[in-house]
Amino acid sequence: MIPQKAKPNDHEILTIITKKSKAYWGYSAEQIEVWSDSLTVTKNDIETKSVYKLNIDNQIVAYYSFFDEDEETVKLDNLFVLPEYIGKGIGVFLMNDFLHRLKETNFKKIRLHSEPNAEMFYAKFGFIKVGQLESSIKNRYLPILELEINSNKEIREF
């Protein structure tokens with residue numbers, strides 16, 4: 001199992017994975033539809049960001065994407081796993097792959113806007129909450145998480 005660079009034509013299956021993974025947290029079909037634009041992966045996203053997919057038995061089951069926010073900060077934009085693979089170590093595997101890729105870069109910090117239900121997942125890797133964004137759902141906030149990457153590139157992996 002080695003994550004591979006996604007191709008622009010993967011955009012539809014990546015969108016399906018994103019929506020199914022988001023719905024896993026109990027959001028209604030109506031809410032997923034409200035968020036449809038922000039949960040859609042486009043061909044342009046794949047062409048302009050670093051997007052890595054994971055295949056199991058010739059099926060894409062998960063992916064992550066990131067981009068340079070500035071010279072020192074990379075933003076983890078997405079990390080989604082099909083619900084039937086959640087809890088089987090796929091998310092941890094992808095997170096470790098992402099962190100491993102950053103060891104070859106000059107980034108000093110990783111930033112992400114987390115699904116509230118996934119905040120503890122990222123905390124296991126050492127991410128800390130530095131703020132929050134109000135979402136389109138009343139009284140629901142997205143944690144803004146950051147992880148400092150020290151100069152010798154020691155990153156907590158699991």
Q: Measure from NZ or CZ of R101 to the centre of the six-membered ring of Y52, then state whether that distance is under 6.0 Å and the direction lies within 45° of the axis.
A: yes
Q: Drop me the distance from S21's OG to L39's CG, to the nearest 0.5 angstrom.
A: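 S21 OG to L39 CG: 9.5 Å, rounded to 0.5 Å.
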How close do [X] and [Y] get, counting heavy atoms only, and between which atoms?
X    : Y    : value
F93  : M1   : CZ-O, 3.1 Å
L14  : V51  : CD1-CG1, 3.8 Å
Q59  : L82  : NE2-CD1, 3.6 Å
T42  : H11  : C-CB, 3.7 Å
K129 : Q132 : NZ-OE1, 3.3 Å
I46  : P8   : CG2-N, 3.7 Å

Q: Consider only side-chain heavy atoms of I, L, V, M, F, W and Y, link residues closer than 4.5 Å, and tell whether Y122 and L142 are in one cluster.
A: no
Q. Going only through I, L, V, M, F, W and Y residues with side-chain contacts under 4.5 Å, is there a path from V130 to L145?
A. no
Is there side-chain contact between [X] and [Y], with at least one heavy-atom pair below 4.5 Å?
X   : Y    : answer
L99 : I110 : yes
T48 : F67  : no
D10 : K53  : yes

Please check if any side-chain donor atom of [X] sits under 3.5 Å from a side-chain acceptor atom of [Y], or the reverse.
X    : Y    : result
N117 : E115 : yes
T73  : D70  : yes
S36  : K19  : yes

Q.
Before we go on, tell me: are the rings of F66 and F98 under 6.0 Å apart, centre to centre?
A. yes
Q. Pick one: which of N44, D68, D77 meets side-chain hydrogen bond (donor to acceptor under 3.5 Å, both in side chains) with K49?
A.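 Result for side-chain hydrogen bond (donor to acceptor under 3.5 Å, both in side chains) with K49: D77.
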Q | Residue among L54, N78, V81 satisfying side-chain contact (heavy atoms from CB on, under 4.5 Å) with Y63 | A |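 The residue from L54, N78, V81 that satisfies side-chain contact (heavy atoms from CB on, under 4.5 Å) with Y63 turns out to be N78.
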Q) Are the charged groups of K109 and E72 less than 4.0 angstrom apart, N to O? A)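 No.
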